[in-house]
Amino acid sequence: MATIATISSSPSVPSRTDAVLDYVTKRLISHGHTVTPIVLRDLPAEPLLRGQADDPAISAAASVLENADAVVVTTPVYKAAYSGLLKVFLDLLPQYALKGKTVLPLATGGTPAHVLVIDYALRPVLTSLGAGAIGQGWFVLSSHVQLYDGGGLLLDPVASVPLYQVTEAFLATVEGEQPVESTPVQIAAVEAIRARPEDPEAAPLLADLVVEYSTRYGRTNENTQLTEVPPSDFHVERGGAFVLLRYGGQTVAGGAIRRYDDETAEVKRMWTSHLHRRQGLGRRVLAELESAALDLGYRRLYLTTGPRQPEAAGLYLSVGFEPQFDTEADPESIGPLPFSKDLPVALKVAS
């Protein structure tokens, strides 16, 4: 596995730039890589501005870059340029400080007018420092980043999907693999399988859910780490089921049920790959789970979704789940949002 250095050049706290970087960092770690952060605002200001590269803190930061296999560089955009904090740090580095390294540049800013900052301002500097491969990078509009008090981040899908794609492409380069293409699925070719959470095919689902939950809710707890429910609850012998959708040899969506009471199954672990969202896969998973619930003798489905998962709530409403809460209230004031649905006596899932 690789050692990846991340550079945060935002001077402010809290920072949307840092929130985006935190999201990307979680994805890097989920692939098993070691991430070492460099936070430029924490470096001593006077040596940084005076160009004193031999200052111990600045020297240590430069050593982190030297020892890294790859680098993620993030910056807010001010006055149509990357941050001055990043500029003075890069100026202190040796001429080929990034020689041979794979680099992912990311930027945040308040207007689409700055979208070309990465290509026209930052990329030439990274090239001059010897970067071996510079990823496509991405510019995230500040309005697409919602921060919550106490931690937590909600990215608009307009930002989250391409950010996922450029991060996966960066990881593929670091790992010497081909990036997975984002192509529409052929629904007829999607295979539904009954699995167990311990199966290798379930690993992408579970790893991605940890990243999603810990990003949206910030604080680590049993829910964000998927430890609130024993995996054995999803085994058929305990009244559970674990469904995966497979397409082209890849797991693209999935979900699970477990026993809630004698008549009710609880839906958990609903997930669709970022590369295949808005293509009807979530509906297919729920249909498969309804079929599994009927096979196990249940007559009702129950679930809760978090207040920061509006797309999930929309999906459940669209397939007939009834909200068990005040839909006019602020979701943050409610907490977990409960839904329920009575199952039909007979249900067939289209093959």
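Throughout, residue positions are numbered sequentially from 1 according to the sequence presented.
A donor-acceptor pair under 3.5 Å is formed between the side chain of Thr227 and the backbone N or O of Glu222. Proximity of a side-chain donor or acceptor of Asp69 to a complementary backbone N or O of Thr3 within less than 3.5 Å is detected. When atom types are taken as modelled, the side chain of Tyr247 and the backbone of Gln186 share a donor-acceptor pair closer than 3.5 angstrom. With Thr264 contributing its side chain and Asp261 its backbone, the two residues share no donor-acceptor pair below 3.5 Å. Thr215 contributes no side-chain N or O that, together with a main-chain N or O of Leu153, makes up a donor-acceptor pair within less than 3.5 Å. Thr327 places no side-chain N or O within 3.5 Å of a backbone atom of Pro323 that could act as its donor or acceptor partner. With hydrogens and angles disregarded, no donor-acceptor distance shorter than 3.5 Å links the side chain of Glu201 to the backbone of Leu244.
The neighbour count for Arg50 CZ, taken as heavy atoms of other residues, nucleotides or ligands under 6.0 Å away, does not exceed 12. Residue-environment remark: CD (Glu328) stays at or below the threshold of 12 foreign heavy atoms within 6.0 Å.
The side chain to side chain donor-acceptor pair (under 3.5 Å) test applied to Ser318 returns Arg283, not counting sequence neighbours. Residues forming a side chain to side chain donor-acceptor pair (under 3.5 Å) with Glu322 (at least two apart in sequence, or on another chain): none.
Inspection of the Thr74 and Ser8 side chains reveals no N or O donor paired with an N or O acceptor under 3.5 Å. Between the side chains of Gln165 and His274, no donor-acceptor pair of N or O atoms lies under 3.5 Å.
Looking at Arg194 and Asp295, a side-chain N of the basic residue comes within less than 4.0 Å of a carboxylate O on the acidic one, giving a salt bridge. Between Arg246 and Glu191 there is no salt bridge, since no side-chain nitrogen of the basic residue lies less than 4.0 Å from a carboxylate oxygen of the acidic one.
Shown here for Tyr23 and Ser160, the closest heavy-atom pair between the two residues is OH-O, 4.1 Å.
Under the salt bridge (Lys or Arg N to Asp or Glu O under 4.0 Å) criterion, the residue pairs touching residues 115-139 are Asp119-Arg123, with sequence neighbours excluded. Sorted by first and then second residue, the pairs that involve residues 34-44 and meet side chain to side chain donor-acceptor pair (under 3.5 Å), not counting sequence neighbours, are Asp18-Arg41. Applying the salt bridge (Lys or Arg N to Asp or Glu O under 4.0 Å) definition to pairs two or more places apart or across chains, those involving residues 202-220 are Arg27-Asp208, Arg27-Glu212, Glu212-Arg216, Arg216-Glu311.
Seen from the ring of Phe234, Arg196 does not count as a face-on cation partner, given the 6.0 Å and 45° thresholds.
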Side chains of residues 95-106: which donor-acceptor partners sit under 3.5 Å, not counting sequence neighbours?
residue, atom, partner, partner atom, Å
Lys101, NZ, Leu65, O, 3.2
Lys101, NZ, Glu66, O, 3.2
Lys101, NZ, Ala68, O, 2.6

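Residues Val174 and His31 have side chains not in contact (no heavy-atom distance under 4.5 Å, counting atoms from C-beta outward).
Classification of the Phe139-His114 ring pair by plane angle, with boundaries at 30° and 60°, yields perpendicular.
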| field | ring pair (Phe, Tyr, Trp, His ring centres under 6.0 Å) evaluation trace for Phe325 with Phe339 | value | CA-CA 8 Å; Phe325 58 93; Phe339 292 82; 5.3 Å; yes
